[in-house]
Amino acid sequence: MKFNSALVAALAAAFFAASLHAQAAERPLPRLVKDHGRFALLVDDAPFLVLAAQVRNSSAWPSVFPRLWPTLGYMNVNTVETPVYWNQFEPQPGRYDYTLIDMLLSEARRHNVHLVPLWFATWKNGSQHYMPDWMKLAPDLYSHAIDSAGQAVDSPSPFATASLEADKGAFAALMRHLKEADPQRTVIMVQVENEPGNWNSVRDFSPAAQKSFEAPVPPEVLAAMRVKAAPQSPNWQEAFGPDADEYFNAWSVAKYVGQVAAAGKAEYPIPMYANAALRDPINPGAPGQPGAAGNYESGGPTDNVLDIWKAAAPALDFLAPDNYQTDPAAYLRILELYHRADNPLYLPETGRPFNARFFFSVLGHQAIGFSPSGGNTEGEFKPTEVSKAREDFLNPWAMNYRLIGPMQREIARLNFEGKLQAVAEEQGKVTQTLPFGSWNAVVSYGTTGRAPAVGNPTPMGRALVAQLNDNQFLVTGYYCRVDFRPAGTEQQRKTQHIVEGTGQTPSALIGGRWQHRQFLRVEEGAYESGEFKFLRIWNGDETDWGLRFGEDPVVLRVSLATY
Ligand code: DGJ
């Protein structure tokens, strides 16, 4: 028998790959947990804070991704959000192409980061542009939504059962493949669809949709929206009046996305979420009315229909806002609306460098993660070497991760334990007080120590304070000053008016006695694989007027006492 070296080499390589695969020990599944009303994403069975960036997403396959690492490296990310495109994944019905997802997995492992695949399928920004050609060429079967004038619009029908079955099949195949190909758990969460909903019509008016619209509202929706069902079960119009069309569309789209998620979870039950194109939370416009002022996407998980989405898509672990609000009040309102007892906060997309400071506000809402996005046009996270110009664009985001990255596990754990507070500067608010029981942490902006706080020239301050024990705190931030004021016991705070001193050293009149803050020990340090590594002591000029943070990443462990 002729000795076929190539065959032996191939067999050896296959055997080696198989053993490598077998060697890649099964790590615990990433999962979402809740305790005392707080959520944590567990990766390797410990709280993990997703510090992500979303790559330019229009069509980054197959070659763009590897060239993104200079930018992603500069961003200090520990996770990358990147799309998997249905039309690339299933070029022929039932024939699945794993080359992109496998490339993403190996690239992510090569750079020691996690992945959040974005399943661009039935919906991408309200339209079906990533559906495979064989579906686009059969619009009667894989039908579009119909508007109130009877016209097909550039949005898929949530009542197209053939599309639903196809999407469930493809997504299940993707999750099945991940289960086999990713024992390392490189993938920690999956986004199902992208900004599902309809920009061009408030709902689908197709015959199938109309029949369902005229039917009684499902009891779980009535319950979720706290609508009395008696005497007879109302239909959508009767139950919701002027909101009926939008609420019906939210239910229709959510049921569809929920079924796709359930099909994927049946194969591989890791955390899944849906992202929302937002409406203005303060002055909402009109849903699905192209050209109307404030037109927003109808049917997606916008703040006014989260209860419907929760009822209609239980397979989704959470609903997440793509927060591009330019008005700070609206940006912060969104965080409040999506951080719910039944919904952890995660920002899969955010943008505009002047919003970068709000990463700290997001941490203040016990968020499980954050991801500036290359989606918007502002220069994107392009595959280029990081030039000076790019550093200026990327730095507002990169500096957050530079500081928090090395201690993200601690931050995630302290947040899960409810011991952490974090804030960002708001125009006109020169100080913010964070209550920690017998201590109040006082954050002030735009002060050089002696001078009263006047705010930074532009609001860019941010601070994080976490309680390590009764009188010890982890303190960090940028462009701010942090100090601590005695706050008395719970009983004292309840029963007496505590007068705050105005002297250089924060003090308070408690129980008829002035108590003054004393820094027992202020240690600058850094976290290395979970341990606080001591670097040096702060004292004298560095502590006489509180603890000041500039543009350099500094972490302090502060021990307090009173006199
Ligand atoms: C939000 C979408 O989710 C992204 O994919 C991208 O299209 C951005 N909008 C563009 O601003």
Side-chain angles (χ1 to χ4, degrees), residues 50 52-61 64-65 68 71-72 75 77 79-89 100 104 115-131 154-156 189-200 253-254 257 260-261 272-281 285 287-288 290 294-303 309 316 318-327 330-331 334 338 345-356 358 362 369-383 393-394 397:
V50 178
Q54 180 173 136
V55 302
R56 177 168 63 173
N57 63 35
S58 53
S59 59
W61 96 79
V64 171
F65 196 79
L68 278 161
T71 294
L72 294 169
M75 289 280 297
V77 301
T79 302
V80 177
E81 292 182 353
T82 187
V84 173
Y85 315 90
W86 194 4
N87 49 3
Q88 178 274 338
F89 183 71
L100 175 68
L104 295 173
L115 274 181
V116 176
L118 315 172
W119 177 233
F120 283 11
T122 297
W123 281 282
K124 164 52 169 98
N125 297 21
S127 297
Q128 64 298 323
H129 300 171
Y130 287 87
M131 273 186 179
D154 184 19
S155 189
M189 299 191 294
V190 177
Q191 178 187 293
V192 186
E193 314 293 342
N194 192 86
E195 296 191 345
N198 195 331
W199 284 96
N200 305 297
V253 173
V257 176
V260 173
M272 294 180 186
Y273 69 92
N275 65 328
L278 300 176
R279 64 181 200 156
D280 180 325
N295 175 40
Y296 64 88
E297 190 178 18
S298 173
T302 47
D303 63 275
W309 268 77
L316 291 171
F318 58 93
L319 305 165
D322 293 343
N323 200 345
Y324 292 103
Q325 305 290 321
T326 52
D327 165 19
Y331 192 103
I334 288 293
Y338 282 80
L345 184 64
Y346 178 71
L347 262 62
E349 292 185 39
T350 187
R352 313 184 194 285
F354 54 74
N355 283 333
F358 290 133
V362 168
F370 184 85
S371 179
S373 159
N376 57 47
T377 55
E378 264 166 46
E380 301 177 349
F381 300 142
K382 286 204 199 88
F393 170 73
L394 295 173
W397 309 105

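All values below come from the heavy atoms of this structure, side chains included, with hydrogens, waters and symmetry mates left out. Because the structure is predicted, anything quoted here is derived from the model rather than measured. Whatever order the structure lists ligands and atoms in, that order sets their numbers, starting from 1.
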**Complete:** ring pair (Phe, Tyr, Trp, His ring centres under 6.0 Å) with Tyr331: of Phe358, Tyr338, Phe354, only one passes, and it is Phe358
**Asked** Which atoms of ligand 1 have any heavy atom of Lys124 under 4.0 Å away?
**Response** 4 (C), 5 (O), 6 (C), 7 (O)
**Message:** Out of all atoms in ligand 1, which are within 4.0 Å of some heavy atom of Glu349? Include the element for each.
**Reply:** 1 (C), 2 (C), 3 (O), 4 (C), 5 (O), 8 (C), 9 (N)
**Message:** Is there a polar contact, in the sense of an N or O pair closer than 3.5 Å, between Asn125 and ligand 1?
**Reply:** yes
**Asked** If you look at every heavy atom in Gly126 and Ser155, which pair is closest and at what distance?
**Response** O-OG, 2.6 Å
**Prompt:** With under 30° as parallel and over 60° as perpendicular, where do the rings of Trp119 and Phe89 fit, or are they tilted in between?
**Reply:** perpendicular
**Heavy-atom side-chain proximity of Asp154 to His129 below 4.5 angstrom** = yes
**Message:** On a heavy-atom basis, which atom in Pro196 and which in Trp309 lie closest, and how many Å separate them?
**Reply:** CG-CH2, 3.8 Å
**Prompt:** Should you measure from each heavy atom of Glu195, which atoms of ligand 1 turn up under 4.0 Å away?
**Reply:** 1 (C), 2 (C), 3 (O)
**Complete:** Counting from 1 in the order shown, the ligand 1 atoms closer than 4.0 Å to a non-hydrogen atom of Asp322 are 3 (O)
**Request:** Taking only heavy atoms of Asn194 into account, list the atoms of ligand 1 that are under 4.0 Å away from them.
**Result:** 2 (C), 3 (O), 5 (O)
